[in-house]
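First up is the structure itself, then whatever we jot down about it.
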Amino acid sequence: MDADIDTVWAVLERVDEWPQWWPGLAAVEPVGDKVRPGSRAQVVVRTPIGVPLRFTLEVEALTAPNLVVLRAHGDLRGEGVWTVSEHDGTTHVDSLWCVTSTRTMIRILRPVASLMHAIVMRAGERGLAARLTDPRAHP
């Protein structure tokens with residue numbers, strides 16, 4: 001991302017605004033007002049095949065502005081680790097997800113599901129870059 005780490009982190013921690021810039025997210029409803037260990041958000045993802053995924057993300061560990069470890073419960077189950085680092089005025093966001101779906105249809109379509117995940121995450125990357133360029137930008 002072409003922004004400093006604090007600016008990127010400020011966008012990422014406004015969980016309720018994710019659907020404004022992340023096209024694959026239909027809804028994100030935070031439970032509570034601050035991202036901290038133990039905080040949660042209800043997430044609905046629009047998949048490219050039209051099957052919505054509903055799950056809860058819970059913050060397991062947090063070291064702002066560099067690291068957040070998330071646990072997913074619901075239609076997606078597993079763990080995600082987001083690492084944020086700054087180098088020469090740009091910020092790198094690395095998102096590692098180790099999840100499986102509890103939805104039979106998604107498990108049957110596993111190769112397609114991996115592609116769907118890549119599409120949703122890439123849309124998030126483009127949306128985040130646009131949001132950082134113009135906070136009013138909607139993808």
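Everything quoted here is computed from the prediction, not taken from an experiment.
With sequence neighbours left out, R54 forms a side chain to side chain donor-acceptor pair (under 3.5 Å) with no residue at all. Qualifying side chain to side chain donor-acceptor pair (under 3.5 Å) partners for T7, counting only residues two or more places apart in sequence or in other chains: D4.
Remark: the backbone N or O of A3 is paired with a side-chain donor or acceptor of T91 at under 3.5 angstrom. Of the possible polar contacts, one joining the T102 side chain to the G74 backbone as a donor-acceptor pair under 3.5 Å is found. Using modelled atom types, no side-chain atom of T100 and backbone atom of R77 make a donor-acceptor pair closer than 3.5 Å. With T47 contributing its side chain and V51 its backbone, the two residues share a donor-acceptor pair below 3.5 Å.
Atoms CG and CZ, on L12 and R131 in that order, are 11.5 Å from each other to the nearest 0.5 Å. Atom NE2 of residue H117 and atom OG of residue S95 lie 6.5 Å apart, to the nearest 0.5 angstrom. For the atom pair H73 NE2 and E58 CD, the distance stands at 5.0 Å (nearest 0.5 Å). Of the inter-residue distances, the one linking L70 atom CG with L96 atom CG reads 11.0 Å to the nearest 0.5 angstrom. With rounding to the nearest 0.5 Å, the separation of CZ in F55 from CZ in R71 is 13.5 Å. The CE atom of M116 sits 4.0 Å away from atom CD1 of I49, with the distance rounded to the nearest 0.5 Å.
The shortest distance between side-chain heavy atoms of W21 and L128 falls below 4.5 Å. Contact annotation: the side chain of L132 never approaches that of D2 to less than 4.5 Å [non-hydrogen atoms, C-beta and beyond]. Between L76 and I106 the shortest side-chain heavy-atom distance does not fall below 4.5 Å. At a threshold of 4.5 Å between non-hydrogen side-chain atoms, the residues L25 and V45 count as touching.
Of all the heavy atoms in W97 and G80, the pair that sits closest is CE3-CA, 3.3 Å. Looking at every heavy atom in both residues, W18 comes nearest to V11 through NE1-O, 4.0 Å. Across V120 and G24, no two heavy atoms sit closer than the pair CG1-CA, 4.3 Å. Between P52 and V44, the shortest heavy-atom contact is CB-CG1, 4.3 Å. Minimum heavy-atom separation, I5 to N66: CD1-ND2, 3.4 Å. The minimum heavy-atom distance between V68 and W9, with the atom names listed, is CB-CH2, 4.2 Å.
Counting non-hydrogen atoms of other residues, nucleotides and ligands closer than 6.0 Å to CZ of R110 gives a total of 12 or fewer. Around atom CE of M105, no more than 12 heavy atoms belonging to other residues, nucleotides or ligands sit under 6.0 Å away. The local environment of CD in E17 is crowded, with over 12 non-hydrogen atoms from other residues, nucleotides or ligands closer than 6.0 Å.
There is a path of hydrophobic side-chain contacts, each under 4.5 Å, that joins M121 to V8. Under a hydrophobic-cluster definition in which Ile, Leu, Val, Met, Phe, Trp and Tyr are linked whenever side-chain heavy atoms come within less than 4.5 Å, directly or via other members, V69 and V93 are assigned to different clusters. Residues W82 and V59 fall within the same hydrophobic cluster, defined by Ile, Leu, Val, Met, Phe, Trp and Tyr side chains chained together at heavy-atom separations under 4.5 Å. Under the 4.5 Å side-chain heavy-atom criterion for grouping Ile, Leu, Val, Met, Phe, Trp and Tyr, L109 is not connected to I119 through any hydrophobic cluster.
Within the structure, side chain to side chain donor-acceptor pair (under 3.5 Å) pairs that include any residue of residues 33-46 comprise Q42-T56 (at least two apart or interchain).
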